[in-house]
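A quick write-up on the structure given underneath.
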Amino acid sequence: MKVDASNPLWRFRGITSTAMFFFAYLYLPIVVLIALSFNENRLATIWTGFTMDWYVTALSNDDMLRAAQNSIVIAVSATVLATIAATLAAMGMSRGRFKGESGVSAMLVLPLLVPEIVTAIATLLFFVALGIKLGLLTVIIAHTVFCIPFAYLPIRARLEGMDPALVEAANDLYANEWKAFRRVTLPLLWPGILSGAMLSFIISLDDFVISYFVGGAGATTLPIYIFGMIRIGITPEVNAVSAMMLIVSILFVSISFLIDRIRY
Amino acid sequence: MSEVVISAKSVGKTFGSGVDKVTALDDVSVDIFQNEFFTMLGPSGCGKTTLLRLIGGFEQATSGQILLEGKALNDLPPYKRPINTVFQSYALFPHLTVRQNITFGLEMQGIARKQADDRAEEMLELVRLAQYGDRVPSQLSGGQQQRIALARALAPAPKVLLLDEPLSALDLKLRKEMQVELKRLQTETGITFVFVTHDQEEALAMSDRIAVMKSGEILQVGAPREIYEAPTHRFVADFIGDSNFLVGNLVDDGAGKHAIKLGGGQVIELTQEVSGQRSGEVTVSVRPERLGLVAESKANANHLVGTVSTVIYFGTDTTYQIDLGNDALLTVRMQNGSGAKADFAQGERVGITMSPDSIRVLAD
Ligand SMILES: Nc1ncnc2c1ncn2[C@@H]1O[C@H](COP(=O)(O)OP(=O)(O)OP(=O)(O)O)[C@@H](O)[C@H]1O
Ligand SMILES: [Mg+2]
């Protein structure tokens, strides 16, 4: 049902000002952060003039670049692994009803609800118990796990919207299981897969808590590096790095959203 | 009609187990011949789709088997059966053009691109959509999608074409058009069509033979005329067209002739041969339009006699309800303007004429 804005029953006093307060609360700090990243003054909180210097400084900081590279390696690996696992899981779940289906379904998305700190500690203990050395690999494994539900949901939604008769039609027209998957299921699923992958990438890129716990010394990611910088003091350089991360995030989320809207 | 193409032998199919167990098909045996337009007709849930899916290979029989040209299909997957399907939802591939949809099956069979494209053009001509090859399915109307689904399924020249209620999504006018179209395609291609519907008119109009199904069983198989005029079961007589049912006692005159004695003592002669094992109470059916009325004064000993209880005028014909007494009611439909005086008033006593061969003794 579409609500008619001119219908007085749907109008509440002060709804506009409340909404404006709400949006200001959400976005004002971010706007301030971006603005201050162009601030000439070393003291991040006092505005003296416009400059791009902090971006130059940030982009020529080797430690920062190394952290960014770690983040990207981790995010790409975790995304690929999580997306493959999520695609297979979604395909399996769409194969028709089975015993305990809702249980499995819940387990697949449960990581979304478990407090991150709990997952982080549990994962750390797990790696320690197995005697696996902490580093990039452990972060990739941990990220893969929490990325799976994010990749899974859009793929599952795609599959659910797909007429099961399409695969049967492909089988009927002499395509075996693999050919039917490659020629029919996959092309129809790819927007979901891509959208899920983009989400996974961003979730992995932005993660702090789990990376912090299971990363060890050699696997400093960008968020961890930024955290380290803040402890020394908030400089416009921190703001610049944060602003760049924000741009990347917004870009990916927007693309993911646009892809998800593709309909045949 | 010669060779058997599809043969179902005591096919049974159950879904689920325990309390959820559903018997969708129960010991179904039927032969479908080459070049035939064969229709499975029955109410919702009687197992039509299930039987079709078993033939297509999308479902495995729980018992019995299905043969194609004498060879058991068993667990042969759909992609190894020379049988194609027109799905109820059409199931056109939305990411492919109309032409790519039609060549899909040919390509999967390893037919060269050029040949496949030529065949696609041929098929587009056949379904009269020659200009539409480059469109995608979402740019077609329901009726056009239907034709493309047909073209796609016919392109690989299957031995059998399965159609599951392919016309149910179309509006009435288009449906009538497609009925003619389907019949034409079947005659032109010479492919055996196995068609599923719950629309009796559609079944009568299009089929060479009809199998009437009820709760997982085939009750009667026969040509439309046979099904209509000589139903074997009350369900068949009731499901297809209108029917009168009368209950009476079967009497044998000793010389192989039978008659039905109604509760009120009136007797109906039969010409139908009745198995010697039948006796006692039976139900007979007769179509309303196979009955006629005469004034009581003209009635002879062979006519039933009753009282007109209602008269409904329909323009082309008039329907009379005749009370035979003892709760036995008969509906008589007489054509208007056919010359015969068909003008009887409510409460009038009338004689009912019937040809003995229109009276059918039912199996249950
Ligand atoms: N996959 C399934 N799982 C469980 N029960 C099923 C399944 N498919 C069919 N059935 C049951 O089997 C019976 C026959 O179903 P079927 O689909 O063959 O009926 P139908 O004659 O095609 O009906 P309709 O005219 O409504 O399409 C029904 O009782 C149905 O509920
Ligand atoms: Mg059905």
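Residue numbers start from 1 in every chain, and the chains themselves are labelled A, B, ... in the order their sequence lines are given, proteins ahead of strands. Values below: all heavy atoms of this structure, side chains included; hydrogens, waters and symmetry mates excluded.
Contacts with chain A were tallied for B:Y79, B:Y90, B:F93, B:F87; B:Y79 has the most, counting heavy-atom pairs under 4.5 Å.
Under a cut-off of 6.0 angstrom, the local environment of CD in B:Q131 is sparse, with at most 12 non-hydrogen atoms contributed by other residues, nucleotides or ligands. Within a 6.0 Å sphere centred on CZ of B:F15, heavy atoms belonging to other residues, nucleotides or ligands number more than 12. No more than 12 heavy atoms of other residues, nucleotides or ligands sit less than 6.0 Å from atom NZ of B:K159.
Both the backbone and the side chain of A:D172 come within less than 4.5 Å of a heavy atom of chain B. Contacts between A:L166 and chain B at a heavy-atom distance below 4.5 Å involve backbone atoms as well as side-chain atoms. Contacts between B:L162 and chain A at a heavy-atom distance below 4.5 Å are absent for every atom of the residue. There is no contact between A:A180 and chain B, counting heavy-atom distances below 4.5 Å.
Taking 4.5 Å as the heavy-atom cut-off, the residues of residues 106-129 of chain B that approach chain A are B:E107, B:M108, B:Q109, ordered by number.
To the nearest 0.5 Å, atoms CD (B:Q88) and CG (A:D163) are separated by 10.5 Å. Rounding to the nearest 0.5 Å places CZ of A:R183 at 8.0 Å from CD of B:Q100. From A:L173, atom CG reaches atom CZ of B:R152 across 5.0 Å, with rounding to the nearest 0.5 Å.
The minimum heavy-atom distance linking B:F104 with A:A175 is given by the pair CE2-CB, 3.9 Å.
The shortest side-chain heavy-atom distance between B:P94 and A:L188 falls under the 4.5 Å cut-off.
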